[in-house]
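Scroll down for the structure; my scribbles are underneath it.
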Amino acid sequence: MIRVSADFAKEVKKRLGGETITNCYQCGTCTSSCPVARVTNRFNPRKLIVQSLRGKRDDVLTGEMIWLCCSCFNCQERCPQRVEIADLIYALRNIAISEGNVPNIYSEFVSALYSEGKLVKVAGFTEKQRENFGLPPLKKPDVEAIRAILAETSFGEVLKVLEGKE
Amino acid sequence: MKSYALFLGCTIPARQLNYEISARKALKALGIDLVDLDGMSCCAPPPIESVAVDASLAVSAYNICLAEEAGLDLLTICSGCFQSLARTNELLKRNSQLRKRVNQILSKIGKEFKGSIEVKHYLKVLHDEVGVEEVRRNVTKQLKNIKAAPFYGCHLLRPSELLKFDDPEKPRILDDLIEALGAKSIDYLDKLKCCGGLLRGYDDDLALELARDKVMKASKAGADCIVTVCPFCFINLDLGQIQIARKYNENYSLPIVHYPELLCLAMGVEAKELSPRSHRVKIDKLLEKMV
């Protein structure tokens, strides 16, 4: 039996995406379906889940493992217990980020979405190229609307965490 | 002619004109009308879900609202956008509690998710609405000599219960659409395994190792090209090969093409009209084989 340390498991279960964590019976179908686990032992979804269930909060949230999922959803597709593993990993990342554990690339995603409403900026050169190929001019996102939405979600808290880090 | 609201996303219009040009040309030629709506933002894919799942759902739902207001179904080119939008659409249609939560957020800007439209990927539209036979009829240049390795990527197929695109373990749609062009759709080891693209930026070495495995296996199976549908698969396999050559001293020179590029070429569009320079691995070898 897995010794469940109720506090962290409960915390994860309450999160969007984390609801199914306690369904896990550790069969390992996830790890045997995982393309990342096939090439490195730095990532193992079954272990990540058992660590979470056993309440190893700090190890899970400050370690590198939660960031090594490639979001392919193969594990989630095949899990016999319907644990939504890829979603569960998003939930763990959400908690880690809210506590200031933010890999650089994710800080970049956060500032791009907040400042542009998009993740990739279109270079002036590309706009010219688009025109040359007869593509229509790009419509602009409504950045104000996006910011208003983000402010109503936990993204707003993440912005504060990132500001505090600077 | 059926009209769709086009969801272009972030990466394709900024980095992969080859994909945007070919998709627009091919769909138009096959009777699909694409409408560019104002205000569409990022779809809020895995990188944003990783930051805040609630924000991802709300931003994604916001974009669906824009299509609902226009009374049009949404069509995506990027598989990443497809997964975010189709998943949100389905989740919010099924789960009234979640819909309430998201609508409370959207009410701040006067929007409401109603659940009145569908989100579709263009491959599904080509396969189910245009039809494989109609695609075949539009081919003027059979790609008889081409052995193409189809690569579905991940976010087109999974989670299948919400996306309902094709059989997640044995998909056929891309294979059928490739064969409609006269090309041979070949089987290869680990055909459905992820390319590792989303690890780029966090662990580039790991992303490259997964890409290398993909290119190596398609190459061994005798592929003339890998056919992609996702811009991140494209980057990891195309730009990836330049990096593989440097890091592993292995030169595959295996052209990576998005499906609509192949489709346009088979419909007689000149390669130079399709922004061939968007490719880091030259596609000349492939073009020569088409003559």
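Here is how names work: the chains are called A, B, and so on, in the same order as the sequence lines, proteins then strands, and each is numbered from 1.
A distance-only check finds a donor-acceptor pair linking the side chain of B:Gln83 to the backbone of B:Arg158 [under 3.5 Å]. In this structure a side-chain-to-backbone donor-acceptor pair under 3.5 Å is present from B:Lys214 to B:Lys193. A distance-only check finds no donor-acceptor pair linking the side chain of A:Thr40 to the backbone of A:Val36 [under 3.5 Å]. Side-chain atoms of A:Thr20 come within 3.5 Å of backbone atoms of A:Glu84 as a donor-acceptor pair (strictly under, hydrogens ignored). At least one donor-acceptor pair under 3.5 Å links the side chain of A:Thr153 to the backbone N or O of A:Leu150. In this structure a side-chain-to-backbone donor-acceptor pair under 3.5 Å is present from B:Asn63 to B:Ser41. Not one N or O on the side chain of A:Glu131 forms a donor-acceptor pair closer than 3.5 Å with the backbone of A:Pro137.
For B:Lys272, the part lying near chain A is the backbone, with the side chain staying farther off; criterion is any non-hydrogen pair under 4.5 Å. Heavy atoms of A:Asn104 lying under 4.5 Å from chain B are absent altogether. Of the atoms belonging to A:Ile89, not a single heavy atom falls under 4.5 Å from chain B. Residue A:Arg147: no heavy atom, backbone or side chain, is found under 4.5 Å from chain B. Heavy atoms closer than 4.5 Å to chain A are found in the side chain of B:Pro168, but not in its backbone. The part of A:Leu138 that comes within reach of chain B is its side chain, from C-beta onward, which places non-hydrogen atoms under 4.5 angstrom from that chain. Proximity to chain B is absent for every atom of A:Glu144, based on heavy atoms less than 4.5 angstrom apart. Contacts between B:Leu8 and chain A at a heavy-atom distance below 4.5 Å involve the side chain alone, from C-beta outward. Residue A:Val39 touches chain B through both its backbone and its side chain, counting heavy-atom pairs closer than 4.5 Å. Contact of B:Leu210 with chain A is made through the side chain alone, with heavy-atom distances under 4.5 Å. Heavy atoms of B:Glu49 lying under 4.5 Å from chain A belong to its backbone as well as its side chain. When heavy atoms are compared at a cutoff of 4.5 Å, B:Asp190 approaches chain A solely by way of its side chain, counted from C-beta outward. For A:Glu108, no part lies under 4.5 angstrom from a heavy atom of chain B. Contact annotation for B:Arg87: only side-chain heavy atoms (C-beta onward) come within less than 4.5 Å of a heavy atom of chain A.
Contact check on B:Asp203 versus A:Arg42 returns a salt bridge, with a Lys/Arg side-chain nitrogen under 4.0 Å from an Asp/Glu carboxylate oxygen. Classification of B:Asp36 and A:Lys139 as a salt-bridged pair fails, no side-chain N sitting under 4.0 Å from a carboxylate O. Ion pair B:Lys247/B:Asp205 flagged as a salt bridge, since at least one NZ, NE, NH1 or NH2 atom sits closer than 4.0 Å to an Asp/Glu carboxylate oxygen.
Ring geometry for A:Trp67 versus B:Tyr202: interplanar angle of 30 to 60°, hence tilted.
Contact tally against chain B (heavy-atom pairs below 4.5 Å) for A:Phe43, A:Phe155, A:Phe133: the top residue is A:Phe133. Heavy-atom pairs under 4.5 Å with chain A peak, among B:Pro13, B:Gly110, B:Pro45, at B:Pro13. Of the residues considered (A:Pro141, A:Pro136, A:Ala86), A:Pro141 shows the highest number of contacts with chain B, using heavy-atom pairs under 4.5 Å. Annotation: maximal heavy-atom pairing with chain A below 4.5 Å, among B:Ser56, B:Ser275, B:Gly9, B:Ala58, occurs at B:Ser275. Each of A:Ala145, A:Gly134, A:Cys72, A:Cys70 has some count of heavy-atom pairs under 4.5 Å with chain B, and the biggest count is that of A:Cys72. Between chain B and the residues A:Ile97, A:Asp142, A:Ile149, the largest count of heavy-atom pairs under 4.5 Å involves A:Ile149. The most heavy-atom pairs under 4.5 Å with chain A, out of B:Cys194, B:Gly39, B:Gly196, come from B:Gly39. Between chain A and the options B:Cys42, B:Ser50, B:Cys10, B:Ala207, the largest number of non-hydrogen pairs under 4.5 Å is found for B:Ser50. With respect to chain A, the highest number of heavy-atom pairs below 4.5 Å among B:Glu169, B:Lys111, B:Arg15 belongs to B:Glu169.
A donor atom on one side chain and an acceptor atom on the other are not found under 3.5 Å apart for A:Arg82 and A:Asn23. Judged by distance alone, the side chains of B:His279 and B:Glu261 do bring a donor and an acceptor atom under 3.5 Å apart. One side chain, B:His258 or B:Thr228, offers a donor N or O that lies under 3.5 Å from an acceptor on the other. In summary, the side chains of A:Asn44 and A:Thr31 do present a donor paired with an acceptor at a separation below 3.5 Å, with no hydrogens or angles considered. Residues A:Arg78 and A:Ser33 have side chains that bring a donor and an acceptor to within less than 3.5 angstrom of each other.
The shortest non-hydrogen separation linking B:Phe151 to B:Cys233 is CE2-SG, 3.6 Å.
With B:Phe232 as reference, B:Cys78 is the one residue of B:Cys195, B:Cys78, B:Ser79 to meet the side-chain contact (heavy atoms from CB on, under 4.5 Å) rule.
Within a 6.0 Å radius of NZ in A:Lys47, other residues, nucleotides and ligands contribute 12 heavy atoms or fewer.
Along residues 95-109 of chain B, the residues that come nearer than 4.5 angstrom to chain A, judged on non-hydrogen atoms, are B:Leu98, B:Arg101, B:Ile105, B:Leu106, B:Lys108, B:Ile109 in order of number. Taking non-hydrogen atoms and a 4.5 Å limit, the residue list of residues 116-124 of chain A in contact with chain B, ordered by number, reads A:Gly117, A:Lys118, A:Leu119, A:Val120, A:Lys121, A:Val122.
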> Between B:Val35 and B:Leu6, is a side chain to side chain contact (heavy atoms under 4.5 Å, CB included) present by the stated rule, with each step listed?
Replying inline: CA-CA 6 Å; B:Val35 181; B:Leu6 171 65; over 6 Å; no

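Note: B:His155 and B:Phe82 fail the aromatic proximity criterion, with ring centroids not under 6.0 Å apart.
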